[in-house]
Amino acid sequence: MNVELLKEKIAKSGIARTAIAAALDMSIPTFYNRLSGEREFKASEIRELTKVLKLSDSERNIIFFD
């Protein structure tokens, strides 16, 4: 996972990390564990992040699958 690119996309979105965690239906600590790369995002969470952050398929693939 490209953690730095994901953090950049979150920052550019203007959406608070707490709001993103809520959209993913996860606690703040769980979201930060995922965001730090300690744990991987589940497929359903990647789908929701793609929607929330309005990522293109290419961006999603670069962030999560390269």
Side-chain angles (χ1 to χ4, degrees):
M1 182 173 83
N2 188 328
V3 174
E4 292 308 314
L5 184 55
L6 178 57
K7 287 179 181 179
E8 180 183 315
K9 292 294 181 181
I10 290 170
K12 285 183 179 181
S13 76
I15 302 169
R17 291 180 178 190
T18 53
I20 294 171
L24 297 173
D25 196 29
M26 65 175 59
S27 69
I28 301 300
T30 300
F31 179 67
Y32 279 100
N33 283 337
R34 300 254 200 303
L35 191 57
S36 71
E38 289 179 39
R39 308 275 318 248
E40 291 186 13
F41 283 97
K42 298 175 184 175
S44 60
E45 296 163 348
I46 292 170
R47 279 193 300 275
E48 190 61 30
L49 271 172
T50 299
K51 285 189 236 175
V52 170
L53 298 176
K54 298 178 181 157
L55 300 175
S56 68
D57 290 344
S58 176
E59 290 172 320
R60 179 201 62 217
N61 291 341
I62 291 168
I63 291 170
F64 295 104
F65 305 114
D66 271 357

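Computed from heavy atoms alone, side chains included, the values below leave out hydrogens, waters and symmetry copies.
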Between side-chain atoms of residues 59-66 and protein atoms elsewhere (two or more places apart, or another chain), which donor-acceptor pairs fall under 3.5 Å?
{"unit_1": "Glu59", "atom_1": "OE1", "unit_2": "Ser56", "atom_2": "N", "d": "2.8"}
{"unit_1": "Glu59", "atom_1": "OE1", "unit_2": "Ser56", "atom_2": "OG", "d": "3.4"}
{"unit_1": "Glu59", "atom_1": "OE2", "unit_2": "Lys9", "atom_2": "NZ", "d": "2.6"}
{"unit_1": "Arg60", "atom_1": "NH1", "unit_2": "Asp57", "atom_2": "OD1", "d": "3.3"}
{"unit_1": "Asn61", "atom_1": "ND2", "unit_2": "Asp57", "atom_2": "O", "d": "3.3"}

TODO: Could you pull out all residues at least two apart from Lys54 that satisfy salt bridge (Lys or Arg N to Asp or Glu O under 4.0 Å)?
DONE: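 Lys54 satisfies salt bridge (Lys or Arg N to Asp or Glu O under 4.0 Å) with no residue once adjacent residues are dropped.
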Task: Counterpart residues, salt bridge (Lys or Arg N to Asp or Glu O under 4.0 Å), relative to Glu40 (two or more places apart) - done: none
Could you pull out all donor-acceptor pairs under 3.5 Å where a side-chain atom in residues 24-32 meets a protein atom, sequence neighbours excluded?
{"unit_1": "Ser27", "atom_1": "OG", "unit_2": "Thr30", "atom_2": "N", "d": "3.2"}
{"unit_1": "Ser27", "atom_1": "OG", "unit_2": "Thr30", "atom_2": "OG1", "d": "2.8"}

Open item on the list: How about NZ on Lys42, more than 12 heavy atoms from neighbouring residues, nucleotides or ligands closer than 6.0 Å, or not?
Closed with: no
Task: Which atom of Asn33 lies closest to which atom of Ser36, heavy atoms considered - done: O-OG, 3.0 Å
TODO: Could you tell me which non-hydrogen atom of Leu35 sits nearest to which non-hydrogen atom of Val3, and how far apart they are?
DONE: O-CG1, 3.0 Å
TODO: Can you tell me which residue pairs pass the salt bridge (charged side-chain N to carboxylate O under 4.0 Å, His left out) test with a partner in residues 12-24, sequence neighbours excluded?
DONE: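 Matches after skipping sequence neighbours: Glu8-Lys12.
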TODO: Output all residues satisfying side chain to side chain donor-acceptor pair (under 3.5 Å) with Glu45, sequence neighbours left out; order by chain, then residue number.
DONE: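 Once residues adjacent in sequence are excluded, the partners of Glu45 under the side chain to side chain donor-acceptor pair (under 3.5 Å) criterion are Arg34.
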